[in-house]
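Position 1 is the first residue of the sequence; numbering continues from there.
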Amino acid sequence: DEGTGTGFDSLPFELVAYVFGFIDARGLFPSCFLISKTCLKAVNDETTWEARCVRAGVFQKDESLGSWLQTYRGKLSVNM
(Lines give C-alpha, C1' and ligand atoms only; values in the text may rest on other atoms or scores of the structure.)
Protein backbone atom coordinates (compact mmCIF):
# COMPACT_ATOMS: atom_id res chain seq x y z
CA ASP A 1 0.00 0.00 0.00
CA GLU A 2 1.48 3.29 -1.11
CA GLY A 3 2.14 5.78 1.63
CA THR A 4 2.43 3.46 4.59
CA GLY A 5 5.51 3.75 6.73
CA THR A 6 8.10 5.10 4.29
CA GLY A 7 7.63 8.85 4.35
CA PHE A 8 8.80 8.96 0.72
CA ASP A 9 5.28 9.50 -0.51
CA SER A 10 5.07 12.85 1.26
CA LEU A 11 8.18 14.15 -0.56
CA PRO A 12 8.13 15.63 -4.07
CA PHE A 13 8.74 12.91 -6.65
CA GLU A 14 11.65 14.83 -8.16
CA LEU A 15 13.45 14.85 -4.81
CA VAL A 16 12.96 11.11 -4.29
CA ALA A 17 14.23 10.39 -7.83
CA TYR A 18 17.21 12.71 -7.29
CA VAL A 19 18.20 10.96 -4.06
CA PHE A 20 17.90 7.49 -5.61
CA GLY A 21 20.04 8.74 -8.49
CA PHE A 22 23.05 8.74 -6.17
CA ILE A 23 22.59 5.23 -4.79
CA ASP A 24 24.81 2.64 -6.45
CA ALA A 25 22.75 1.00 -9.19
CA ARG A 26 23.35 -2.48 -7.81
CA GLY A 27 21.90 -1.33 -4.49
CA LEU A 28 18.61 -0.33 -6.08
CA PHE A 29 17.45 -3.72 -7.25
CA PRO A 30 15.28 -5.34 -5.94
CA SER A 31 15.07 -3.64 -2.53
CA CYS A 32 13.89 -0.21 -3.70
CA PHE A 33 11.10 -1.80 -5.69
CA LEU A 34 9.65 -3.19 -2.50
CA ILE A 35 9.47 0.05 -0.49
CA SER A 36 6.58 1.79 -2.27
CA LYS A 37 5.15 2.67 -5.65
CA THR A 38 6.75 6.10 -5.37
CA CYS A 39 10.18 4.50 -4.89
CA LEU A 40 9.61 2.15 -7.80
CA LYS A 41 8.66 5.07 -10.03
CA ALA A 42 11.69 7.06 -8.84
CA VAL A 43 14.09 4.17 -9.46
CA ASN A 44 12.78 3.81 -13.02
CA ASP A 45 12.80 7.56 -13.80
CA GLU A 46 14.43 8.19 -17.19
CA THR A 47 15.82 11.60 -16.20
CA THR A 48 17.62 10.02 -13.26
CA TRP A 49 19.12 7.28 -15.46
CA GLU A 50 20.20 9.91 -17.99
CA ALA A 51 22.02 11.78 -15.19
CA ARG A 52 23.69 8.50 -14.10
CA CYS A 53 24.88 7.91 -17.65
CA VAL A 54 26.26 11.43 -17.96
CA ARG A 55 28.14 11.08 -14.64
CA ALA A 56 29.61 7.83 -15.99
CA GLY A 57 30.67 9.48 -19.26
CA VAL A 58 27.87 8.23 -21.51
CA PHE A 59 26.35 11.28 -23.15
CA GLN A 60 24.00 9.77 -25.71
CA LYS A 61 21.17 7.31 -25.24
CA ASP A 62 21.56 4.12 -27.27
CA GLU A 63 18.30 4.18 -29.21
CA SER A 64 18.65 0.49 -30.07
CA LEU A 65 18.35 -0.28 -26.33
CA GLY A 66 15.32 1.98 -25.92
CA SER A 67 15.92 3.73 -22.58
CA TRP A 68 18.55 5.40 -20.44
CA LEU A 69 18.29 2.53 -17.95
CA GLN A 70 19.08 0.00 -20.67
CA THR A 71 21.82 2.28 -22.03
CA TYR A 72 23.36 2.35 -18.55
CA ARG A 73 23.19 -1.43 -18.32
CA GLY A 74 24.49 -1.98 -21.85
CA LYS A 75 27.23 0.64 -22.06
CA LEU A 76 28.56 0.16 -18.57
CA SER A 77 28.02 -3.63 -18.41
CA VAL A 78 26.13 -3.37 -15.13
CA ASN A 79 24.25 -6.43 -13.95
CA MET A 80 21.39 -5.39 -11.70
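Legend: residues meeting side-chain hydrogen bond (donor to acceptor under 3.5 Å, both in side chains) with T71, ordered by chain and number and at least two apart, are absent. When the side-chain contact (heavy atoms from CB on, under 4.5 Å) test is applied to E46, the partners found at least two apart in sequence or on another chain are K61, S67, W68, L69. With sequence neighbours excluded, the residues forming a ring pair (Phe, Tyr, Trp, His ring centres under 6.0 Å) with Y18 are F22, listed by chain and number. With sequence neighbours left out, S64 forms a side-chain hydrogen bond (donor to acceptor under 3.5 Å, both in side chains) with D62.
Grouping Ile, Leu, Val, Met, Phe, Trp and Tyr residues whose side-chain heavy atoms lie under 4.5 Å apart, directly or via other members, leaves F13 alone, with no other cluster members.
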Hey, can you pull the donor-acceptor pairs under 3.5 Å for the side chains in residues 51-60, sequence neighbours left out?
unit_1: R52; atom_1: NH1; unit_2: I23; atom_2: O; d: 2.9
unit_1: R52; atom_1: NH2; unit_2: F20; atom_2: O; d: 2.6
unit_1: R52; atom_1: NH2; unit_2: I23; atom_2: O; d: 2.8
unit_1: R55; atom_1: NH2; unit_2: G21; atom_2: O; d: 2.5

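Once rounded to the nearest 0.5 Å, the distance linking CZ of R73 with CG of L65 reads 11.0 Å.
What you find for T48 and A42 is that their closest heavy atoms are OG1-O, 4.3 Å.
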